[in-house]
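All remarks here apply to the structure that follows.
This is a predicted model, so every value here is computed, not measured. Naming: A, B, ... by sequence-line order, numbering from 1 per chain.
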Amino acid sequence: MTIQFTLNQQTVEVAERDKDMPLLWYLREQQGLKGTKFGCGIGQCGACTVHYNGMAMRSCSITLGQAQGADILTIEGLAPSEDKLHPVQEAWMEIDVPQCGYCQAGQIMAAAAMFKQHPNPSEAQIEQAMTNICRCGTYVRIRKAIALAADKLAKEVS
Amino acid sequence: MSMHTKGDGPGLTRRQFLKTSAYGGAMLLTLNLPGKAQANQSPGAASQWCVYVSIRPDNSVLMASPVMDMGQHMKTAGPMLLAEEMDLDWSLIEFADSCPAYFKLNADGQAEYAYSDMSTGGSHALRRNWDYMRQAGATVRRMLVEEAAARWQVSADDLRTANSYVYHPDGQRQFSYGELAEQAAARQVKPQAVQLKHNDAFGIIGTARTTVDIRQIVTGKPLFGMDAEYPGMLHAVIARSPFIDGQLLSQEAQAAKQVAGVRQLVNVPRRTEASYNGTTKQLMAPGVAVIADSLWAAMQGKQALRARWQAGAEGKSQDSEAQLAEFHRLVSDADYAGQSGISHKVRLAEGDAKTALEGAATVLDATYEVPLFAHLCMEPFNCIADVRSDSATIVAGHQFPDKVVNDVAKATGLPPLNIEVISHRMGGGFGRRWEVDYVLEAVYLSQQVGKPVKVTWQREDELEQDCFAPAMVMRVRAGMDKSNKVIAWHHRQAQTRGGARDRCFPFKLVPNYLSEHLDYPSQIATGAWRSPGHLQWAFAAESMLDELAHQAKQDPLAFRLKLMQPHKAYPHEGFGGELIDSGRMAKCYEKAAEMADWQRPRQKGIGLGIAGHFTFGSYAAFVLEVAIGAENRLHIRQAWGAIDCGLAVNPNHIENQMQGGFIDGLNAALFNKADVQGGEMVTKNFHQIHFMRLSEAPPDVQVSIIHSQAMPTGVGEPPIGPAAAALANAIFAASGQRIRRLPIADAIRI
Ligand code: FES
Ligand code: FES
């Protein structure tokens with residue numbers, strides 16, 4: 001018996017005996033995908049945020065067993081290509097959001113998932129979706145980058 | 001001060017030389033030249049300068065920063081200084097991920113930096129590298145220019161450089177740096193010929209530059225120590241004592257060893273050293289290390305181990321709440337303090353505060369309380385150590401790589417220069433990465449296991465083993481005369497351990513000033529916490545100023561501006577700057593208030609608070625607008641901040657620090673509180689210590705940078721200081737509630 005799921009558009013298989021391993025550690029240790037970060041291990045900080053069937057989820061709190069059949073996307077798989085980043089990533093670069101940068105992949109994944117649900121999010125929707133901790137306090141620029149990303153996404157659609 | 005300095009070293013008698021070495025087909029320039037920073041060394045001592053730069057034939061440049069980044073943006077600012085004086089085209093620079101660490105031995109046999117100063121702390125990294133990096137850049141530029149002059153047979157002084165090119169005076173001809181670099185590297189230039197630019201010629205310094213790692217960060221590249229791998233390394237997770245001085249009660253070693261991937265258990269002994277203040281400092285916590293093939297296996301092994309601990313004899317009585325209560329008694333009751341054997345140490349005394357208070361028309365007496373602050377670095381600590389018989393490699397993010405080398409040398413007996421440090425980007429530091437516990441653990445385990453070992457901490461470890469910002473209780477008695485002029489200030493402070501920041505305003509501005517300190521013999525570990533003691537000090541001082549202003553029925557801004565009169569630079573005998581200037585402080589208050597439209601009346605329930613502070617040579621003031629709504633709910637609406645940090649090297653990152661630092665300070669004021677009970681650190685993870693989220697932070701923090709030609713000073717810490725007082729003062733303005741105790745979220749909902 002194996003567990004199967006999609007990871008950044010590729011099908012992966014893991015042994016059933018690893019079903020209790022948090023997705024976070026599978027990504028970092030077995031797939032070498034280090035963009036998904038460890039910050040608390042208890043679902044609080046959001047540094048480990050990935051997309052689980054398009055929704056922002058904390059990968060430290062998802063086991064491989066729960067990933068069975070799911071579509072998982074990490075920061076490494078967010079950009080359409082090497083040259084073309086996701087509009088949220090572009091906005092993050094233009095606003096120059098980070099300080100230490102450690103939380104930012106998680107923040108970007110949270111924002112990208114929010115835009116799937118709310119292409120033009122309201123203040124309340126932003127505040128509800130963006131619950132990741134930024135210890136450096138880059139929240140002002142995160143808000144600015146979200147506004148810019150919303151513009152970019154609107155242009156992409158039109 | 002004038003920025004026009006000549007790079008004239010001790011003169012031509014000293015030989016200058018330059019080494020070149022092939023580096024991936026490009027050239028690594030390593031040059032030795034005398035410089036200003038070494039002027040006070042004995043004449044004749046060779047001083048080395050290094051440029052962390054390679055110029056490639058295609059004119060692109062590979063540059064490494066002199067200082068690693070932890071979010072303070074030195075990895076961008078350092079190269080800006082170098083690129084400025086080199087006249088580099090910024091877009092042609094590729095930035096190396098790691099930060100090369102070269103050491104030499106000093107007379108005491110300790111390692112010190114061979115080239116630039118890599119350490120980051122005390123908001124000093126930019127200052128410490130300012131001369132060095134500019135001199136180095138200017139020297140390289142001169143070498144390139146002289147090479148071009150020789151080829152064209154013209155005078156070097158007639159040539160112009162810009163954007164990585166040297167231009168001929170005829171306006172027709174040019175050489176790229178890449179074309180010149182190989183020959184230029186063999187040139188010797190006279191120190192007198194090396195000229196630094198005038199401020200007004202700056203084309204990179206003073207302009208907004210983006211984080212050099214930005215693309216790697218947004219694409220999730222493995223930049224951090226947490227992401228680092230090392231050939232043949234094993235993983236270690238340590239079950240440590242959560243108690244001060246704890247002892248192991250029980251463990252289930254068999255169960256831990258049965259976890260797939262677990263190799264062995266290693267006991268980690270407690271290591272201590274005598275601290276400067278007579279107390280014992282723990283260097284390494286006692287623990288049991290689970291060594292495994294993967295981090296996940298090691299984590300599971302630790303869980304299966306179920307290590308239980310008990311408080312040690314020394315630590316058992318330690319309780320943070322009880323200590324705060326004790327601090328209150330100590331500051332309020334001099335007799336009690338005397339009986340407890342803790343005397344008031346007078347730290348500063350000018351005039352006669354006690355007599356002046358007796359004669360004052362109004363005296364306010366208020367006590368302010370601040371708990372232990374935890375660091376909560378976003379990236380839990382980690383370190384790879386590969387200790388071999390004759391040498392060692394350390395891979396870590398640390399604020400002070402020189403300390404790493406010296407402490408590892410001490411722990412292993414290895415010669416310091418045989419210890420290599422590979423530095424990684426740090427997921428926050430905030431002063432906690434001054435400590436070397438996580439490094440010494442990896443070193444110890446690598447020695448025990450005989451292999452490279454990576455130690456990774458979990459969040460619980462980071463909190464349990466933290467060296468907190470000291471908790472403190474500060475009692476301020478301030479007196480005004482009949483005209484509401486502040487004539488006396490008596491600050492009395494009791495705290496966990498550590499110093500006070502009493503050389504900041506209103507020191508020098510109030511004629512009768514007394515600062516007393518009660519050093520409580522607490523065993524709770526304390527350490528540097530971003531702008532150590534400043535937020536706490538400013539919380540008391542700037543709250544009291546506000547209380548005085550309201551008492552005098554004066555506008556809090558006007559009251560402060562009057563206090564700053566006459567505008568004057570006073571000598572400052574403390575870390576961070578030689579002068580403290582009331583005029584520069586006043587300008588920051590004025591600017592922040594102007595941005596906030598301070599005089600505009602707000603609706604009922606909305607209030608503005610103002611606070612300012614001098615830290616490490618820089619001045620910062622903030623105005624904060626808050627609303628207090630139904631059920632005493634706080635809503636932070638907006639903030640405006642002004643900073644004078646001398647010449648603004650990178651306005652983009654100064655703004656970013658002002659926003660993030662102020663939010664860090666607001667978080668500390670609202671939420672940051674660590675608890676120790678019965679010698680145990682009981683605050684374990686983010687479910688017990690809340691960190692501000694986006695919805696709680698001010699949606700906008702507008703920043704203004706005061707124009708200045710003064711020497712650049714720090715920005716990493718100055719925005720923190722005013723935060724707690726600005727918030728308390730704003731809450732008072734909005735609701736009439738005076739907050740004198742942190743964390744504020746205990747009293748007001750957010
Ligand atoms: S590591 Fe997953 S939420 Fe913090
Ligand atoms: S940028 Fe450092 S934690 Fe967010």
Within a reach of under 6.0 Å around CD of A:E82, are more than 12 heavy atoms found that belong to other residues, nucleotides or ligands? no

Could you have a look at A:Q104, A:R28, A:H86, A:E90 and say which one has the most heavy-atom pairs with chain B under 4.5 angstrom? A:R28

With chain B as the partner, which of A:T138, A:L85, A:I95 has the greatest number of non-hydrogen pairs under 4.5 Å? A:L85

So for A:I126, is it side chain, backbone, both, or neither that comes closer than 4.5 Å to the heavy atoms of chain B? both

Nearest heavy atoms of A:V140 and B:Q659, plus distance in Å: CG1-NE2, 3.6 Å

For each of B:I217, B:D227, B:D664, tally heavy-atom pairs with chain A at distances under 4.5 Å, and name the one with the top tally. B:D227

Counting heavy-atom pairs under 4.5 Å to chain A, which of B:H235, B:M426, B:E379, B:Q458 comes out on top? B:E379

Does a side chain donor of either B:N656 or A:D96 reach within less than 3.5 Å of an acceptor in the other side chain? no

Residue from B:L223, B:D213, B:V701, B:N652 scoring the most non-hydrogen pairs under 4.5 Å with chain A is B:N652

Looking only at B:L376, B:L666, B:T456, most heavy-atom pairs under 4.5 Å shared with chain A are made by B:L376

Write down the atom of A:Q89, the atom of B:V218, and the distance for their closest heavy-atom approach. NE2-O, 2.8 Å

Report yes if the side chains of B:M299 and A:W25 come closer than 4.5 Å at any heavy-atom pair, otherwise no. yes

Taking it one step at a time, do A:E127 and B:R693 satisfy salt bridge (charged side-chain N to carboxylate O under 4.0 Å, His left out)? CA-CA 9 Å; A:E127 292 186 357; B:R693 301 303 206 271; over 6 Å; no

Can you measure from SG (A:C45) to CZ (B:F691) and round to the nearest 0.5 angstrom? 11.5 Å

Please flag which part of B:M378 lies under 4.5 Å from any non-hydrogen atom of chain A: side chain, backbone, both or neither. both

Within a 6.0 Å radius of atom CD on A:Q128, are there more than 12 heavy atoms belonging to other residues, nucleotides or ligands? no

Report the C-alpha distance between B:K221 and A:E76 in whole Å, list the side-chain angles of each, state the deciding distance to 0.1 Å, and finish with yes or no for salt bridge (charged side-chain N to carboxylate O under 4.0 Å, His left out). CA-CA 8 Å; B:K221 293 289 180 305; A:E76 290 88 351; over 6 Å; no

Any idea which of A:A47, A:A105, A:G101 has the most non-hydrogen atom pairs under 4.5 angstrom with chain B? A:G101

Is it the case that over 12 heavy atoms from other parts of the model lie below 6.0 angstrom from the NZ atom of A:K84? yes

Chain A contact via B:F686 - which portion, at a heavy-atom distance below 4.5 Å: both

For B:G428 versus A:C100, what's the shortest heavy-atom pair and its separation? N-CB, 3.5 Å

Closest heavy-atom contact between A:C40 and B:R459? CA-CB, 3.8 Å

Working for side chain to side chain contact (heavy atoms under 4.5 Å, CB included), residues B:Q300 and A:M21: CA-CA 10 Å; B:Q300 281 180 298; A:M21 182 191 288; over 6 Å; no

If you apply the rule side chain to side chain contact (heavy atoms under 4.5 Å, CB included), what do you find for A:Q99 with B:H73, and how did you get there? CA-CA 7 Å; A:Q99 286 188 22; B:H73 295 305; 3.9 Å; yes

Can you say whether B:E696 sits under 4.5 Å from chain A via the side chain, the backbone, both, or neither, judging by heavy atoms? neither

Could you look at A:F38 and say if it's the side chain, the backbone, both or neither that has a heavy atom under 4.5 Å from chain B? both

So which of B:M70, B:R425, B:Q216 has the biggest tally of heavy-atom pairs under 4.5 Å with chain A? B:R425

Which bit of B:N667 is near chain A, if near means a heavy-atom gap under 4.5 Å: side chain, backbone, both or neither? neither

Side-chain donor/acceptor of A:R135 to backbone N/O of B:H375, under 3.5 Å: yes

Could you check whether any side-chain heavy atom of A:Y102 comes within less than 4.5 Å of a side-chain heavy atom of B:M226, counting everything from C-beta outward? yes

Given heavy-atom pairs under 4.5 angstrom as the criterion, report whether the side chain, backbone, both or neither of A:I133 touches chain B. both

Sidechain-backbone polar pair: A:E29 side chain, B:W296 backbone, donor-acceptor under 3.5 Å: yes

Under 4.5 Å from any heavy atom of chain A - which part of B:F662: neither

Select one option (side chain, backbone, both, neither) describing which atoms of A:V88 are under 4.5 Å from chain B's heavy atoms. neither

Would you mind checking if B:D700 and A:K144 are paired as a salt bridge, meaning a charged N to carboxylate O distance below 4.0 Å? yes

Mark yes when over 12 heavy atoms from residues, nucleotides or ligands other than B:Q303 sit less than 6.0 Å from its CD; otherwise mark no. no

To check you understand the geometry: which heavy-atom pair defines the closest contact between A:R143 and B:A697, and what is its length? NH2-O, 4.5 Å

